[in-house]
Peer 1: 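Sharing a structure with you now.
The chains referred to below are lettered A, B, ... by the order of the sequence lines, with proteins before strands, and numbering in each begins at 1. Computed from a predicted structure; not experimentally measured.
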Protein chains: 2
Amino acid sequence: MSTVVDALIGKVFTETRENRGGQLADYIPELAAVAPDSFGICVATVDGYVYEVGDTRLPFTIQSISKPFTYALALADRGSAAVAEKIDVEPSGEPFNEISLDPRTERPRNPMINAGAITATSLVAGPDLDTRFERIRSTYSRYAGRDLTFNRAVYESESRSGHRNRAIGHMLRSFDIITGDPDEAVDLYFRQCSLDVTCRDLSLMAATMANNGVNPVTGETVLEPALVERVLSVMSTCGMYDAAGKWVYEVGLPAKSGVGGGVLAVLPGQIGIAIYSPRLDSHGNSVRGVESCRALSNELELHFLHVTRAARSAVRARYSVSDAPSRMRRSPAERAALDDVGKRSRIYELHGDLLFAGAESAVREIGGVEENLEAVVIDVRRVDDVSGVARRMFETLRADLGQSGCALAFVDPAGLLGNTRSDLSGRAGRVFADLDAAVQWCEDILLDRHCSTARQPSSVTIAEHPMLSTLSAKQLERFTRDLVTQSYARGDLVIHRGDRAAGLFLILSGSVSSTVTDQSGAVHRIMTLSAGMSFGEMTMMIDSRFLNDVRADTEVTVAVLTTERYTEMASEEPKLKLALLERLASGAYEQLDVMLRALLRQGGGL
Amino acid sequence: MSTVVDALIGKVFTETRENRGGQLADYIPELAAVAPDSFGICVATVDGYVYEVGDTRLPFTIQSISKPFTYALALADRGSAAVAEKIDVEPSGEPFNEISLDPRTERPRNPMINAGAITATSLVAGPDLDTRFERIRSTYSRYAGRDLTFNRAVYESESRSGHRNRAIGHMLRSFDIITGDPDEAVDLYFRQCSLDVTCRDLSLMAATMANNGVNPVTGETVLEPALVERVLSVMSTCGMYDAAGKWVYEVGLPAKSGVGGGVLAVLPGQIGIAIYSPRLDSHGNSVRGVESCRALSNELELHFLHVTRAARSAVRARYSVSDAPSRMRRSPAERAALDDVGKRSRIYELHGDLLFAGAESAVREIGGVEENLEAVVIDVRRVDDVSGVARRMFETLRADLGQSGCALAFVDPAGLLGNTRSDLSGRAGRVFADLDAAVQWCEDILLDRHCSTARQPSSVTIAEHPMLSTLSAKQLERFTRDLVTQSYARGDLVIHRGDRAAGLFLILSGSVSSTVTDQSGAVHRIMTLSAGMSFGEMTMMIDSRFLNDVRADTEVTVAVLTTERYTEMASEEPKLKLALLERLASGAYEQLDVMLRALLRQGGGL
């Protein structure tokens with residue numbers, strides 16, 4: 001079935017196919033021997049899907065499209081500084097095969113004209129010609145994701161007729177731009193130009209550039225990101241021969257064409273485009289290649305300076321522990337203290353990209369709070385992309401806040417900000433995997449400072465357990481007799497989600513969390529309960545299944561009334577049942593309240 | 001207090017200040033009369049915040065930085081095609097004041113050299129010189145967000161010594177590039193160059209470009225987005241005179257400099273930068289301006305081809321109504337039908353940017369589903385940015401799905417996809433403000449097709465109400481006597497959040513929703529209840545406050561047992577109370593289950 005995108009690309013293909021202008025390259029017979037009306041368009045995504053229309057599997061020689069890839073290899077082999085001493089990066093305003101250097105710098109003007117490209121080829125490392133060619137061939141192959149082959153016929157023909165390039169080679173040698181044998185450099189250049197590619201190959205080579213140097217199909221890193229940026233910069237200003245300005249103005253994609261009829265274009269971070277159509281215009285660019293690129297750029301809005309909206313604030317929500325407490329159930333005294341000083345905490349949920357502009361909006365807001373903050377949480381789980389400068393900005397913010405006595409924790413399970421959980425610990429700063437644990441950490445800091453008494457007890461006896469406070473002495477005695485005491489080690493699963501009612505669990509010491517596991521296998525805490533609290537009452541009383549797991553967070557002791565005992569007791573003593581049901585209703589009410597707050601905190605999700 | 005970003009910019013400022021190289025422009029005495037070591041840096045964000053360090057409030061003449069702004073005005077006045085007939089967009093490789101045209105096209109090579117700039121000035125519309133100048137001045141002022149003033153001394157001096165520019169004017173006239181009086185065009189050009197700006201002004205002018213033509217402080221639209229893209233393209237390739245290639249390679253920001261000592265640079269969508277330091281290099285660019293731009297680009301990672309990660313899938317979650325049902329409580333027969341055919345629905349939650357690549361990944365996935373889909377929901381509430389091509393792609397997807405009998409609804413309260421709720425309605429497609437309503441719409445489509453019997457009844461009598469099914473005939477009679485029947489119109493608030501227990505409400509006909517309102521004022525549905533269901537039991541039995549509002553969705557009739565009546569009855573008839581408590585527990589359990597699913601659907605938020 002034709003998809004939405006196939007239809008869009010197909011439209012450009014159909015319209016551009018009408019254009020039969022231009023001439024085949026004919027300086028060697030092999031290039032003039034192709035079917036002149038061949039035409040293919042490929043668009044490859046950064047997850048490796050390739051849209052294809054037309055003659056996308058026909059092989060043709062890569063020719064000048066090799067130039068950015070060999071330039072990239074030279075940069076990787078020799079370093080940017082060494083290459084910059086040999087090749088400039090200025091658009092030339094001259095034909096690609098000019099036998100001249102910049103009169104001021106005495107260097108080739110850029111690596112996309114032949115003089116610069118031959119120089120780049122001469123910089124590829126290797127002990128001998130064959131090894132160096134094999135390095136070039138295998139590198140291109142890694143961009144394409146398949147083994148590219150050598151077209152000997154084209155090579156031999158180019159080699160026979162390539163006097164102009166030999167002249168360039170000797171000129172380069174005479175200016176000491178090439179230091180070795182210039183004929184060898186030119187021979188290697190002819191070989192690289194004679195590698196066969198298809199339109200599909202070129203689109204994946206472009207997509208590898210778009211994907212920051214990682215082949216989207218094989219996952220292999222072919223070029224480091226800083227060099228991708230460099231190569232794309234040169235393609236932007238010099239890739240389309242002497243029409244670079246118009247290209248940026250009208251198309252706005254770093255691109256490279258070759259006299260074989262190919263054009264390759266890159267939208268960084270998004271897609272790779274390739275077109276094959278061998279008729280060329282007077283600049284040596286594929287006529288349909290240029291026209292298709294222009295149409296695709298307009299139709300698909302691909303111009304690299306195209307901005308549909310400005311960066312927005314990275315802060316999507318801000319609140320305190322008073323607005324959205326953690327799921328740790330607190331004692332009344334603790335709750336009162338948090339109501340009192342909760343505003344000294346602040347939780348920020350960030351989203352979008354944390355490049356400079358996004359990070360700037362966040363640190364400006366967080367650093368500009370007037371109140372005396374004591375604990376701040378920054379949740380970056382919804383953040384897409386973090387640049388190095390953003391990481392440094394958040395580190396500085398953490399240091400600044402620390403100096404004014406405010407602790408800062410990140411919720412950053414993926415380590416986007418560059419800290420792992422073991423890097424940061426203690427009161428100065430922490431990294432958490434989930435927001436709720438970070439909010440609890442905030443609360444604990446405030447409670448340690450502002451709530452010295454009446455904290456939640458660490459253990460209770462059965463008689464002290466608040467669940468039994470409404471019972472008469474006689475009921476309590478009866479009840480206690482039926483209870484079984486059980487202990488669990490930290491991490492033990494006390495109850496599985498889906499278990500049938502297993503009884504009423506009174507926590508005597510330690511804490512448990514009720515949790516659920518989502519489709520992705522991630523575990524989420526619903527609520528943490530500690531000594532003096534209870535669980536299991538609802539499932540028991542309505543004889544249903546547990547909605548969540550219950551797991552011991554610490555060593556835990558519970559007193560359990562089994563369902564059998566409960567049923568017996570309830571029929572003998574209806575008032576006991578009634579008392580329990582009323583406590584159950586209170587518990588359910590509280591739990592609903594907690595979940596409602598959790599849902600509200602998530603805003604739009606409801 | 002110095003902020004994180006102040007510190008970053010301050011570091012660049014301190015390091016660059018050491019550079020005392022370069023010479024003041026001295027072709028007129030006014031330009032040589034400034035303090036040579038003046039230095040200021042401003043970075044303006046797209047929300048209008050300006051970071052400033054150094055001499056950012058000193059006025060100086062705008063000079064060549066005027067060129068892109070007048071070029072933009074010419075494009076707006078005459079259209080791109082007419083301007084393209086007069087001015088090319090190719091980097092020149094020649095000094096800015098060259099008295100020459102492109103030998104092939106016989107046009108100025110680009111609008112950033114003097115010949116092109118004078119031509120652009122000649123294209124500004126207006127009946128006379130003064131009006132045209134006032135249009136230029138007031139346009140620049142709208143970019144800067146304040147009224148810019150004219151520096152008559154500099155103008156008169158430039159005018160006296162501007163023979164080279166007059167020569168250019170006459171050359172342009174002789175080639176019919178300028179059709180009016182060339183001296184007048186040159187005079188207007190001198191005037192525009194003599195407008196005084198500060199570093200802060202320039203940063204806001206740049207930020208207006210970065211903000212897609214909208215001044216971030218005043219909110220005024222100064223230039224349409226398509227033209228912003230054009231102007232930035234020319235600045236990219238031609239903005240920094242004959243060092244354009246190196247500029248893109250090393251700095252990667254569309255920029256423009258002036259001999260007054262200013263440099264302006266734009267990171268589209270993100271920030272505007274301006275530097276003032278009057279010592280110039282041999283190209284006529286501010287020495288510290290170039291060095292600061294390079295340092296800021298490296299330090300803040302601002303290169304426009306910088307990609308830290310590739311685009312990711314726009315689909316953040318996909319599930320069916322079986323996985324996450326709506327909050328409409330359904331009858332058992334309806335639930336069974338939905339369990340059976342629920343997989344024929346699909347809900348997609350999208351996020352990030354829907355430019356071409358993001359939209360492509362979404363339509364590829366949605367269009368490629370193998371199953372027979374009958375209803376699809378696409379939730380774009382978390383989407384940041386939508387391009388025109390993405391809108392067209394989703395429209396095509398909707399048409400394609402419609403042809404195969406599948407309805408498509410968007411959750412798109414902001415109208416990002418270009419449809420409003422009134423544009424789309426009925427079964428072919430809908431636009432909803434919230435996800436839950438869209439999910440319910442999916443369920444209704446499936447139920448209409450696959451559940452012909454035993455749908456939720458539209459009304460029940462008191463005796464039929466399931467809440468009372470466990471009661472004996474005698475209890476029922478007693479109960480019925482105490483009930484009061486009440487009616488509500490659609491939209492009426494039956495219960496306010498925070499109300500004290502008001503009794504037990506049995507729904508006899510119509511439906512109500514329990515809702516909560518978040519801090520932003522948005523209303524979220526917790527659950528919708530219809531005939532045969534009840535509410536209010538929990539708050540009544542534990543004598544607490546309502547956690548949510550209850551609002552009539554339709555005309556509603558309820559039978560109410562007041563709290564007073566209930567208390568009386570419960571003390572007389574404890575078994576009735578027990579039966580109600582048990583139903584309450586079931587209701588609470590079901591409600592917790594619904595909320596748990598809602599929380600899980602939101603994934604990470606828990």
Peer 1: Distance check, rounded to the nearest 0.5 Å: A:Tyr249 atom OH versus B:Leu232 atom CG?
Peer 2: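 If I round to the nearest 0.5 Å, the distance is 11.5 Å.
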Peer 1: Quick check for you: to the nearest 0.5 Å, what is the distance between B:Glu360 atom CD and A:Leu8 atom CG?
Peer 2: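 The distance works out to 10.5 Å.
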Peer 1: Roughly how far apart are B:Leu302 CG and A:Phe356 CZ, rounded to 0.5 Å?
Peer 2: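 It comes to 7.0 Å.
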Peer 1: With chain A as the partner, which of B:Val266, B:Asn548, B:Leu300, B:Val5 has the greatest number of non-hydrogen pairs under 4.5 Å?
Peer 2: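 Counting heavy-atom pairs under 4.5 Å, the top option is B:Leu300.
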Peer 1: What closest approach, in Å, do A:Glu90 and B:Gly245 show between heavy atoms, and which atom pair accounts for it?
Peer 2: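 Closest approach of A:Glu90 to B:Gly245: OE1-N, 2.8 Å.
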Peer 1: Heavy-atom distances under 4.5 Å only: say whether A:Phe394 touches chain B with side chain, backbone, both or neither.
Peer 2: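 For A:Phe394, no heavy atom lies under 4.5 Å from chain B.
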Peer 1: To the nearest 0.5 Å, tell me how far B:Ser80 OG sits from A:Glu250 CD.
Peer 2: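 Going from the OG atom of B:Ser80 to the CD atom of A:Glu250 covers 10.0 Å.
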Peer 1: At a 4.5 Å cut-off on heavy atoms, which part of A:Pro216 comes close to chain B: side chain, backbone, both, or neither?
Peer 2: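 Neither; nothing under 4.5 Å.
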Peer 1: Please classify the contact of B:Ser361 with chain A as side chain, backbone, both or neither, using a heavy-atom distance under 4.5 Å.
Peer 2: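 For B:Ser361, neither part sits under 4.5 Å from chain A.
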Peer 1: Determine the minimum heavy-atom distance between A:Asp400 and B:Val4, stating which atoms define it.
Peer 2: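 Where A:Asp400 meets B:Val4 most closely, the heavy atoms are OD2-CG2, 3.9 Å.
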Peer 1: Which atoms of A:Val363 come close to chain B, meaning under 4.5 Å heavy atom to heavy atom: side chain ones, backbone ones, both, or neither?
Peer 2: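 Looking at A:Val363, just its side chain touches chain B.
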Peer 1: Could you have a look at B:His303, B:Met393, B:Lys246, B:His351 and say which one has the most heavy-atom pairs with chain A under 4.5 angstrom?
Peer 2: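 It is B:His303.
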Peer 1: Which of these passes side-chain hydrogen bond (donor to acceptor under 3.5 Å, both in side chains) with A:Arg364: B:Asp47, B:Asp6, B:Thr3?
Peer 2: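 One option only clears the test, and that one is B:Asp47.
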Peer 1: Counting N and O atoms only, with roles assigned by atom type, does the side chain of A:Glu301 sit under 3.5 Å from a partner on the main chain of B:Ser387, one being a donor and the other an acceptor?
Peer 2: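 Such a contact is absent between A:Glu301 side chain and B:Ser387 backbone.
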Peer 1: Among B:Val248, B:Thr396, B:Asp379, which has the most heavy-atom pairs under 4.5 Å with chain A?
Peer 2: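 Top option by heavy-atom pairs under 4.5 Å: B:Val248.
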Peer 1: Would you say A:Glu229's side chain and B:Leu305's backbone share a donor-acceptor pair under 3.5 angstrom?
Peer 2: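 Side chain of A:Glu229 to backbone of B:Leu305, a donor-acceptor pair under 3.5 Å: no, none is there.
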Peer 1: Could you tell me the separation between the OG atom of A:Ser233 and the CZ atom of B:Phe304, rounded to the nearest 0.5 Å?
Peer 2: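 It is 6.5 Å, given to the nearest 0.5 Å.
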Peer 1: Any salt bridge between B:Glu299 and A:Arg392, counting N to O under 4.0 Å?
Peer 2: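 A salt bridge links B:Glu299 with A:Arg392.
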Peer 1: Need one label for A:Thr45: side chain, backbone, both or neither, based on atoms under 4.5 Å from any heavy atom in chain B.
Peer 2: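 Side chain only.
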